[in-house]
Amino acid sequence: MRYLLSALVLFPILLSAQDSVRLDEVIITDNRIETSVMESGRNVQVISKRQIEQLPVQSVNELLQHVAGVDFRQRGPWGAQADVSLRGGSFDQCLILVNGIKVNDPQTGHHAMNLGIDLSSVRQIEVLKGPAASRYGLNSFSGVINIITEPDAENAVEIQSAYGQAENSSLPNNYLGGYNVNAGAHFGVAASRHMISVGQKQSTGYRPNTDLNQQSVNYQGITKTKAGDFNIMGSFVQNDFGASGFYAFPIDATSDEEVTTYLVAAQHTIRKGAFQMKSKIYTRKNFDTYTLFRDAPTIYQNRHRTDVGGGEVHGAYTYSIGTAAIGVEYRQEAINSSNLGKWTRDNIGVFAENRINLLNERLLLGTGIYVNQSSDFGMQYLPSVDANVKVTKDIHAFMTWGQSFRVPTFTDLYYVGPTNVGNAGLLPERSNNYEGGLKWTRNGQNAQASVFYNQATDLIDWTRDSLNHPWQPQNYSQVNTLGADFNYSIIRERKINSWLTWSNGRLGYTWLQMDIASQGDVISRYALNNLRHQITAQGALTIADKYGISLTGRYLDRQAYNSYWLVDAMVQYKVDQFRLWADCTNLLDTKYIETANAPMPGRWYRLGVDVRIK
């Protein structure tokens, strides 16, 4: 299976001489200054809509598992809960954006992926690896994932449904049963496009107390006027799931959690000649109820409500040899909790950035700074410098240096429970990041390789002195991370012959070595769970323009768990507006744990039907 996967990914390299067409450059949106992937001075990976359609995935959560360098840890299939991190960071250190809107929750990073996004509405996903405070501000400590959605250009109604079962379940019937149904509509005229979708997921679970019931509603409207472009979006997600082994093992065998999230945002972009201004406002509300004993909720139950609101204004001006930008943001975070109490904190940030073209546009030099005033943690100055050198028309060298920081979550600071106790004396995390590498593109292929070094101080981890004591967060003195990153992808279809087409191919590798300052004889909960080695590989073929087969493989060597391979496969039949598909997740029936004390299911299957009516 591994050899087959490698062949499927690497075979199209042999075809490169048959195709000399150069593709349009992929543009990353960024906050203020848009640039192409090749010209960026940062390590950025972009997953396009066409590439997403070729993967054996049915949700944003499943998609991110296959992105090289992204450590995506689920506590079960169908999207019960997942943690996402980059480059050895924790799940609280990765900034999640939806169309540039910050959706991280100040209570805990466990809620960051409670999004309810219909995968078919995703245009592309941008993954920026490494600290990015000067560009994205608060809490972009180890990287940024920006999920970009938009309505389709044509009016249509879509209906998608799937049913799944798993082997090797510990439930009495030996099967995990689950289904999801999603319906959406794209409508409007050329200058005003809209999209609305509703979804339902339900699962009986794959081991005791791992059932799931999730509903979602999502809306987006993009309207272009003489006064600028308006982008309005709103979403609702309610997610109720059994949480066995999630937080308080071994006493949480019958625990339950319900998370409800509301998000509303409005953005405006106006362009006048060389000047561009972007503004946005947003509000996000999250309700989290955790019950330790599902059948006896009065014994121990936590109820949390977080309210986040903010706004940003950015302006950019393009002059003869570059672009200068400046911006300001305000964000207020508040919590009202039966356990953590009532707290509010404010952040005001100012951005400044300049990108200049030198040496006849062979050198792009970028500088930036973010100044943040926190009501709880004072003033922070976070600069960055990056450069991109055009070595040849196909090869660019890039390098970057930047500082970043993360403020503790409310859970880090104030939580009190039978197995976890917060620490109100925590300091913000800080880091210096250095990275250099090469980018290459030719004949519909691209590759990127880099080496990076990160010096982090005051990192937060939950520790305890013995198994009899509760977990409590502490600041490390210093953690140094040395790593290497490689990505290769086919970014356009390739005809092998008249009936066979290579549709997608990707190969990625990430290596990390983390040196952690001694804390004495304590037990660490998160710090030693980073990936040491990660390999991702994907390949897809289209047969006679109707049939498709895709195969993905992942190798994960995590410091705290055994290393393992995961292989997924999908076959599909597509004609006109109808698609019938079947996939198998964990084809090798691997036994593994991604996080906490939540064993993942073995081999499981899904069968689905998608219909699109124009």
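- Under the rule for a side chain to side chain contact (heavy atoms under 4.5 Å, CB included), the partners of Asn61 that lie at least two apart in sequence or sit in another chain are Ser59, Phe72, Gln74, Ala82, Met113.
- More than 12 heavy atoms of other shown residues, nucleotides or ligands fall within 6.0 angstrom of atom CZ in Phe275.
- Partners of Arg87 by salt bridge (charged side-chain N to carboxylate O under 4.0 Å, His left out), not counting sequence neighbours, listed by chain and number: Glu435.
- Ser40 is linked by a side chain to side chain donor-acceptor pair (under 3.5 Å) to nothing, counting only residues two or more places apart in sequence or in another chain.
- With a 6.0 Å cutoff to the six-membered ring centre and a 45° limit on the axis angle, Lys439 counts as a cation-pi contact of Phe398.
- Residues passing the side chain to side chain donor-acceptor pair (under 3.5 Å) test with Asn155 are Arg193, sequence neighbours excluded.
- In this structure, Tyr330 places its OH atom where more than 12 heavy-atom neighbours from other residues, nucleotides or ligands lie under 6.0 Å away.
- A donor-acceptor contact shorter than 3.5 Å is absent between the side chain of Ser384 and the backbone of Gly402.
- Side-chain contact between Leu63 and Leu55: present, with at least one pair of heavy atoms (C-beta onward) separated by less than 4.5 Å.
- For Asn99 and Thr149, the side-chain atoms include at least one donor-acceptor pair closer than 3.5 Å.
- Annotation: side chain of Gln220 is in contact with side chain of Pro151 (closest heavy-atom distance under 4.5 Å).
- At a threshold of 4.5 Å between non-hydrogen side-chain atoms, the residues Ile117 and Ile147 count as touching.
- Look at Glu154 and Arg612 and you find a salt bridge, because one of the NZ, NE, NH1 or NH2 atoms lies within 4.0 Å of a carboxylate O, short of that distance.
- Counting heavy atoms from C-beta on, the side chains of Asn487 and Leu507 never come closer than 4.5 Å.
- Taking the side chain to side chain contact (heavy atoms under 4.5 Å, CB included) definition, one finds that Gln51 meets it with Ile47, Ser48, Ser489, Ile491, Asn504, Arg506, sequence neighbours left out.
- Contact check for Gln478 versus Thr457: side-chain heavy atoms found under the 4.5 Å cut-off.
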Chi angles and distances behind the salt bridge (Lys or Arg N to Asp or Glu O under 4.0 Å) call for Lys49, Glu150: CA-CA 11 Å; Lys49 186 178 186 68; Glu150 68 177 9; over 6 Å; no

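- Between the side chain of Lys224 and the backbone N or O of Phe230, no donor-acceptor pair lies under 3.5 Å.
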Intermediate values then yes/no, salt bridge (Lys or Arg N to Asp or Glu O under 4.0 Å), Asp152 and Arg123: CA-CA 9 Å; Asp152 285 353; Arg123 188 188 80 200; over 6 Å; no

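- Pairs of residues two or more places apart, or lying in two chains, that qualify as salt bridge (charged side-chain N to carboxylate O under 4.0 Å, His left out) and include a residue from residues 358-386 are Arg135-Asp386.
- A donor-acceptor contact shorter than 3.5 Å links the side chain of Ser404 to the backbone of Ser140.
- In terms of heavy atoms, Tyr509 sits closest to Ala68 at N-CB, 4.5 Å.
- Residues meeting the side chain to side chain contact (heavy atoms under 4.5 Å, CB included) test with Ser142, sequence neighbours left out: Leu86, Gln93, Cys94.
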Test log, rule side chain to side chain contact (heavy atoms under 4.5 Å, CB included), inputs His66 and Asp568: CA-CA 10 Å; His66 300 281; Asp568 305 334; 3.4 Å; yes

Full working for salt bridge (Lys or Arg N to Asp or Glu O under 4.0 Å) between Glu429 and Arg406: CA-CA 5 Å; Glu429 300 176 322; Arg406 178 184 81 87; 2.6 Å; yes

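- Nearest heavy atom pair, residue Val103 against residue Ala112, reads CG2-O, 4.1 Å.
- Applying the side chain to side chain contact (heavy atoms under 4.5 Å, CB included) test to Gln58 and every residue at least two apart in sequence or in another chain returns Glu62, Met570, Arg579, Trp581, Asp583, Arg606.
- Between the side chain of Asn433 and the backbone N or O of Gly130, no donor-acceptor pair lies under 3.5 Å.
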Steps toward side chain to side chain contact (heavy atoms under 4.5 Å, CB included) verdict (Val407, Leu138): CA-CA 8 Å; Val407 299; Leu138 189 70; 4.3 Å; yes

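- A distance-only check finds a donor-acceptor pair linking the side chain of Lys102 to the backbone of Tyr136 [under 3.5 Å].
- Note on residues 262-275: pairs passing side-chain hydrogen bond (donor to acceptor under 3.5 Å, both in side chains), not counting sequence neighbours, are Arg271-Gln276.
- Partners of Asn139 by side chain to side chain donor-acceptor pair (under 3.5 Å), not counting sequence neighbours: none found.
- Applying the side chain to side chain donor-acceptor pair (under 3.5 Å) rule to Asn372 yields the partners Asn347, Tyr370; only residues at least two apart in sequence or on another chain are considered.
- Shortest non-hydrogen contact noted between Val144 and Ala132 is CG2-CB, 4.0 Å.
- A salt bridge links Arg442 and Asp394; the closest N-O separation between the charged side-chain nitrogens and carboxylate oxygens is under 4.0 Å.
- In this structure, the side chains of Val308 and Tyr282 come closer than 4.5 Å at one or more pairs of heavy atoms.
- The distance between the ring centers of His110 and Phe91 falls below 6.0 angstrom.
- Within a 6.0 Å radius of CD1 in Ile281, other residues, nucleotides and ligands contribute 12 heavy atoms or fewer.
- The side-chain heavy atoms of Lys278 and Val313, taken from C-beta on, include no pair separated by under 4.5 Å.
- Between Gln54 and Ser550, the closest heavy-atom pair is O-CB, 3.1 Å.
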Side chain to side chain contact (heavy atoms under 4.5 Å, CB included) between Leu115 and Val98, intermediate numbers included: CA-CA 9 Å; Leu115 302 175; Val98 177; 4.2 Å; yes

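- Remark: side-chain polar atoms of Asn43 are not paired, donor with acceptor, to backbone N or O of Leu128 under 3.5 angstrom.
- A salt bridge (charged side-chain N to carboxylate O under 4.0 Å, His left out) check over residues 531-541, counting only residues at least two apart or in different chains, returns the pairs Arg532-Asp557.
- Ring planes of Trp401 and Tyr434: tilted class, angle from 30 to 60°.
- Between Gln107 and Glu333, every side-chain heavy-atom pair lies at or beyond the 4.5 Å cut-off.
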